[in-house]
Amino acid sequence: MIEWAVDGDTLHVTDADTAELTVTGDDLVVDGSGDDISRPVDDTIALTASELRFPHAVVYAFSRGLEDQYELDPSGEPLVLSPDEYVIDIDTEIKSYLEFSGRATIEKTDDYESIVVSFPDRTRVTLGVRCRHEFPAGTITVPDSPSAIAEAVTHMAASHKTDGPDRSYPTLRGHPSLIEHGDELEIPDCIRSDTADHGIELVVPPDYESLFVTAPLAYYLQATVRTTDEGRGNRAGSTRDGLRLRLQDRGIETELSPMPDLERDVERLLRKTFFLDCLVRNVGPYGTTLSEGSLLEALDLDAEALYHASLQDRLATYLEVPYAAIEHRLPDWHLSTYVAPTYDSVETLPFLLDRLSMIYTPRTSELEGQELVERSLEDFYRGPEPSAGDRNEAGPASRASAGQVASVDIVKPDLRSGRTHGWLADGVPIDVFKSTAEAYHNRLEFLERTSDSTSICVVLNDPEMAGEHDDVAEIYRQRSEELSIDVSVAESLTTAELARIFEDDHDFVHYIGHCETDGLCCPDGTLATSSLGRCNVETFFLNACGSFYEGLELIEKGSVAGAVTVTKVLNDHAIKVGSTFAKLLVHGFSIERAMGLARRRIMMGKDYAVVGDGTHSLAQGKHRLPTTATLEELETDSDRRYSLTLDCYSTRATGSYYFPHIETNEYAYLCGNESTFTLTESELATMLGETEASVIYDGDIYWSADLSRRFDR
């Protein structure tokens with residue numbers, strides 16, 4: 001769902017997923033809806049201008065007459081287009097296309113903040129825009145039967161828009177159809193007709209454990225899933241034999257291990273196939289110069305032939321590549337979710353496949369002795385010396401009230417590979433976000449709502465905590481100067497007033513105060529979130545002691561995700577975490593990633609956790625993919641030099657790449673792979689000033705624009 005409005009020389013475009021695109025132009029005239037263009041878009045807008053400015057993006061130009069493709073040089077050289085008919089692909093947060101006839105120049109501004117498309121004279125162009133988020137197409141009903149679930153998983157791949165290597169781009173994998181419980185298997189005709197049979201078959205045992213684990217591989221490979229009890233080639237009398245991947249036309253069968261080693265086999269197959277697709281796709285129309293691309297030559301793989309090969313032939317070639325030959329170049333996998341393998345959990349599969357999450361069986365053990373403290377200290381940003389507040393773990397600085405705080409029994413999960421971990425099972429594990437099926441369904445409901453701006457409400461229910469209140473309110477207000485954010489503040493709310501805050505339509509509520517076993521503290525008592533009829537707050541942060549269960553209840557009542565605490569926290573710690581979390585959240589970081597970075601500022605960071613869908617984001621950043629940098633000063637005999645390592649990835653955009661704006665850099669990098677550069681002090685100041693990122697430096701975390709002033713001498 002796309003909406004747009006004009007304010008003077010500025011066009012504002014928004015979508016249902018809180019993304020926003022701002023286009024400015026000299027004497028810009030918007031003439032209403034535009035003509036259809038030769039690209040998949042949700043809406044078109046007719047514009048007349050001599051110059052148009054877009055946010056920073058990767059840009060391609062396609063000549064319709066010459067059938068040529070051009071890419072705007074990432075290093076900054078302008079792209080000059082001779083007279084012709086063109087489609088310009090601008091990869092902003094809302095996918096954008098410009099279609100026009102004539103000549104044009106496309107260039108980046110000196111600070112790399114904007115893309116400028118200029119014409120010799122005022123020119124009429126058509127702007128096509130497409131929301132990157134897609135709603136599920138239809139619903140599949142499944143009974144409590146492994147063979148029925150296998151068929152449902154087969155049809156999840158109907159959402160793919162291509163079977164070529166370009167499916168590794170996130171925009172070419174649509175949201176799979178929803179799954180609901182029922183007495184019989186029911187698959188809508190439109191979903192059946194969109195499910196292609198590529199001759200790739202995945203045969204698994206008829207148990208939910210194996211089906212869940214193999215679902216991401218089946219979805220990405222667009223494979224037909226069958227269970228071994230269907231009588232298709234398994235040995236008589238056995239339901240667990242014959243676990244395999246078959247390429248029917250090629251006569252190739254790859255045996256897979258039974259559980260639990262099946263998890264390792266699936267992980268390796270999926271990561272290898274996805275990675276090689278990311279490399280091969282670069283000979284196609286949307287290719288770029290990848291740092292990892294040289295690996296194809298080392299593996300003696302013909303990218304051109306593989307790009308145009310059938311899905312079976314391409315997969316057959318990939319299967320011959322030893323995993324050890326590429327393991328050291330694989331990007332970190334973005335997301336792993338641990339799911340109770342039961343019929344009740346089946347409805348979460350489409351949401352996990354939409355994020356292309358690995359799916360594992362949940363296993364836990366008890367934390368031993370001081371293990372919770374030790375793991376907190378391991379993650380703590382190591383500076384020269386902790387502050388007095390960090391050394392003091394008790395005393396009057398505690399945020400706890402005089403009442404009793406709810407306790408949470410934390411367990412240790414058996415985590416496999418992945419940058420971010422989600423938990424859809426019993427227990428409250430450390431280092432993961434605790435989600436529920438309701439969180440994912442709630443996200444779809446919020447996407448269907450329309451709003452002109454993001455509504456943020458800061459609630460201060462204890463005047464002694466005004467420090468955090470002032471800090472975060474100022475952060476949200478500063479961000480509102482760049483995005484459409486409506487910030488309100490409230491103090492000392494009664495239970496009825498606080499209930500209305502959660503029942504009103506807010507995108508984010510930041511609660512600062514106390515929490516007891518009976519609920520969130522108010523001047524006239526406590527508010528148990530379980531008493532709410534419905535929660536209409538999309539996301540939240542309950543920065544109060546022991547708020548875990550109150551936050552989890554908000555998810556059950558309608559929210560998508562939120563940050564909580566699992567025990568008592570110190571007031572100065574809460575301020576540190578709260579202000580950093582606020583900064584990251586309004587700059588496009590997902591709730592889990594924002595909390596993961598913010599809580600490392602304090603020694604007992606494991607006291608903070610995320611409930612609901614931790615991959616969810618409140619707002620967009622200046623750059624589409626959130627970036628974290630690690631900065632270290634190098635020991636040199638001459639001028640000061642620094643090592644800057646960039647880490648750019650998103651749980652929502654798997655398969656994307658990023659281009660570091662370093663003057664000497666010529667390559668893009670796959671998200672999940674870090675890039676490291678050695679910079680002088682002046683180069684570092686320029687880089688930090690032009691980049692929107694969180695920076696880990698000297699034992700703490702900073703915002704790049706703030707830190708750049710320290711090196712700008």
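The first residue of the sequence shown is numbered 1, and numbering continues consecutively from there. The analysis underlying the following values was restricted to heavy atoms, covering all of them including side chains, and did not include hydrogens, waters or symmetry mates. It should be emphasised that the depicted structure is a prediction, and the values quoted were computed from it without experimental measurement.
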**Report entry** Backbone N/O of Ile475 and side chain of Gln478: donor-acceptor pair under 3.5 Å
**Finding:** no
Query raised in the report: With a 4.0 Å cut-off, would you call Arg329 and Glu292 a salt bridge?
Result: no
**Report entry** Point-to-point distance, once rounded to the nearest 0.5 Å, from CG of Asp471 to OH of Tyr476
**Finding:** 11.0 Å
Query raised in the report: Got a donor-acceptor contact below 3.5 angstrom from the Thr109 side chain to the Ser114 backbone?
Result: yes
Query raised in the report: To the nearest 0.5 Å, how far apart are CG in Leu679 and CZ in Arg640?
Result: 15.0 Å
Query raised in the report: Is Lys108 salt-bridged to Asp73, going by a charged N under 4.0 Å from an acidic O?
Result: no
Query raised in the report: Can Arg443 and Asp613 be counted as an ion pair, charged N to O under 4.0 angstrom?
Result: yes
Requested in this report: First locate atom CD of Glu99, then atom CG of Asp89, and finally report the distance between them rounded to the nearest 0.5 Å.
Outcome: 12.5 Å
**Report entry** Under 3.5 Å: donor-acceptor pair, side chain of Arg599, backbone of Tyr608
**Finding:** yes
Report task. State, without any angle test, whether Ser357 and Thr337 hold a side-chain donor-acceptor pair at a distance under 3.5 Å. Result -> yes
Query raised in the report: Is a side-chain donor-acceptor pair under 3.5 Å present for His175 with Ser159?
Result: no
**Report entry** Polar contact flag, side-chain donor to acceptor under 3.5 angstrom, Thr630-Tyr697
**Finding:** no
Requested in this report: Check whether NZ of the Lys or CZ of the Arg Arg103 lies under 6.0 Å from the centre of the six-membered ring of Phe119 and within 45 degrees of that ring's axis.
Outcome: no
Query raised in the report: When you measure from the side chain of Arg122 to the backbone N and O of Asp27, does any donor-acceptor pair fall under 3.5 Å?
Result: yes
Query raised in the report: Cut-off 3.5 Å, side chains only: do His12 and Glu3 have a donor facing an acceptor?
Result: no
Query raised in the report: Think Arg167 forms a cation-pi with Tyr220, using NZ or CZ under 6.0 Å from the six-ring centre and within 45 degrees of its axis?
Result: yes
**Report entry** Heavy-atom donor-acceptor pair, Ser650 side chain to Arg652 backbone, under 3.5 Å
**Finding:** yes
Query raised in the report: Is the His160-Tyr219 ring centre distance short of 6.0 angstrom?
Result: yes
Report task. For the pair Ser63 and Asp84, evaluate side-chain hydrogen bond (donor to acceptor under 3.5 Å, both in side chains) and give the outcome as yes or no after the intermediate values. Result -> CA-CA 7 Å; Ser63 166; Asp84 201 346; 2.4 Å; yes
Report task. Decide yes or no for Asn665 and Phe677: does some side-chain heavy atom of the first lie under 4.5 Å from some side-chain heavy atom of the second? Result -> yes
Requested in this report: Mark yes or no for whether Lys583, through its side chain, and Tyr702, through its backbone, hold a donor-acceptor pair below 3.5 Å.
Outcome: no
Query raised in the report: When you check the gap from the basic side-chain N to the acidic O, do Glu51 and Arg53 get nearer than 4.0 Å?
Result: yes
Query raised in the report: Taking the six-membered ring for Trp, are the ring centroids of Phe711 and Tyr642 within less than 6.0 Å of each other?
Result: yes
Report task. Answer yes or no for Arg39 and Phe62: cation-pi contact, defined as NZ/CZ to six-membered ring centre under 6.0 Å and angle to ring axis within 45°. Result -> yes
Query raised in the report: Regarding Arg419 and the six-membered ring of Tyr649, is the cationic atom NZ or CZ under 6.0 Å from the ring centre and inside 45° of its axis?
Result: yes
Query raised in the report: Quick one: are Phe508 and Val537 in side-chain contact, heavy atoms under 4.5 Å?
Result: no
Requested in this report: Go through the side-chain N and O atoms of Thr44 and Asp35 and say whether any donor and acceptor fall under 3.5 Å apart.
Outcome: no
Requested in this report: Could you tell me whether the side chain of Thr580 and the main chain of Ala598 form a donor-acceptor pair under 3.5 Å?
Outcome: no
Query raised in the report: So, Thr654 and His334: side-chain donor and acceptor under 3.5 Å apart, yes or no?
Result: yes
Query raised in the report: Does Phe541 have its ring centroid less than 6.0 Å away from the ring centroid of Phe581?
Result: yes
Query raised in the report: Side chain of Asn282, backbone of Leu279: donor and acceptor closer than 3.5 Å?
Result: yes
Report task. State, with a plain yes or no, whether a side-chain heavy atom of Leu79 is found less than 4.5 Å away from one of Glu107. Result -> no
Query - Expected output: side-chain Asn442 to main-chain Ser559 donor-acceptor under 3.5 Å - result: yes
Query raised in the report: Would you call His506 and Val509 a side-chain contact if the rule is heavy atoms closer than 4.5 Å?
Result: yes
Query - Test item: side-chain donor near acceptor, Thr420 and Thr651, under 3.5 Å - result: no
Query raised in the report: CD1 of Ile456 to CG of Leu618: how many Å apart, nearest 0.5 Å?
Result: 5.5 Å
**Report entry** Straight-line distance of Thr288 OG1 to Tyr60 OH, nearest 0.5 Å
**Finding:** 4.5 Å
Query - Exercise: do Asp354 and Tyr440 side chains pair donor with acceptor under 3.5 Å - result: no
Query raised in the report: Counting distance only, does the side-chain N/O of Thr162 pair as donor-acceptor with the main-chain N or O of Gly164 below 3.5 Å?
Result: yes
Query raised in the report: Would the His510 and His469 ring centres measure less than 6.0 Å apart?
Result: no
Query raised in the report: Any side-chain heavy atom of Phe100 within less than 4.5 Å of one from Thr126?
Result: no
Query - Test: Arg281 and Asp277 ion pair at under 4.0 Å - result: no
